[in-house]
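Beneath this line is the structure, given in structure tokens, with notes to follow.
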Amino acid sequence: MMKHTALAAVIVTALSTSAFAASTLTLYTSQPNEDAQMTVTAFEKAHPDIEVKWIRDGTTKLTARLQAVLRRTCC
């Protein structure tokens, strides 16, 4: 599951045109809430200037959301 979470975070970050200047990161995850919160807490501790918002859902639904984001931000 951690691989899926990390991959989702990387994808969302890569899709952002100002990823390095952003103050907010959206994490799409299928992790259980407790695990997702631990991931977010650890990231925010390492990067206190970035707020993490997270969306939890099933893998299929998250994949569809990420594809929709990609279509809106790319090409």
So Thr39 and Trp54, do their side chains get closer than 4.5 Å, heavy atoms only? no

Quick check: is Ile50 connected to Leu27 through a chain of hydrophobic side chains (ILVMFWY, heavy atoms under 4.5 Å apart)? yes

CG/Leu70 to CZ/Arg65 distance, rounded to the nearest 0.5 angstrom? 15.0 Å

Quick one: pull up CZ in Phe43 and CD in Glu51 and give me the separation to the nearest 0.5 Å. 11.5 Å

Applying side-chain hydrogen bond (donor to acceptor under 3.5 Å, both in side chains), can you list everything that pairs with Thr63, at least two apart in sequence or on another chain? none

If every non-hydrogen atom of Ile55 is compared with every non-hydrogen atom of Leu62, which pair is closest and at what distance? O-CD2, 4.0 Å

Would you name the heavy atoms of Ser30 and Gly58 that are closest together and state the gap between them? CB-C, 4.4 Å

Please name the pair of heavy atoms, one in Asn33 and one in Arg56, separated by the smallest distance, quoted to 0.1 Å. OD1-CD, 2.8 Å

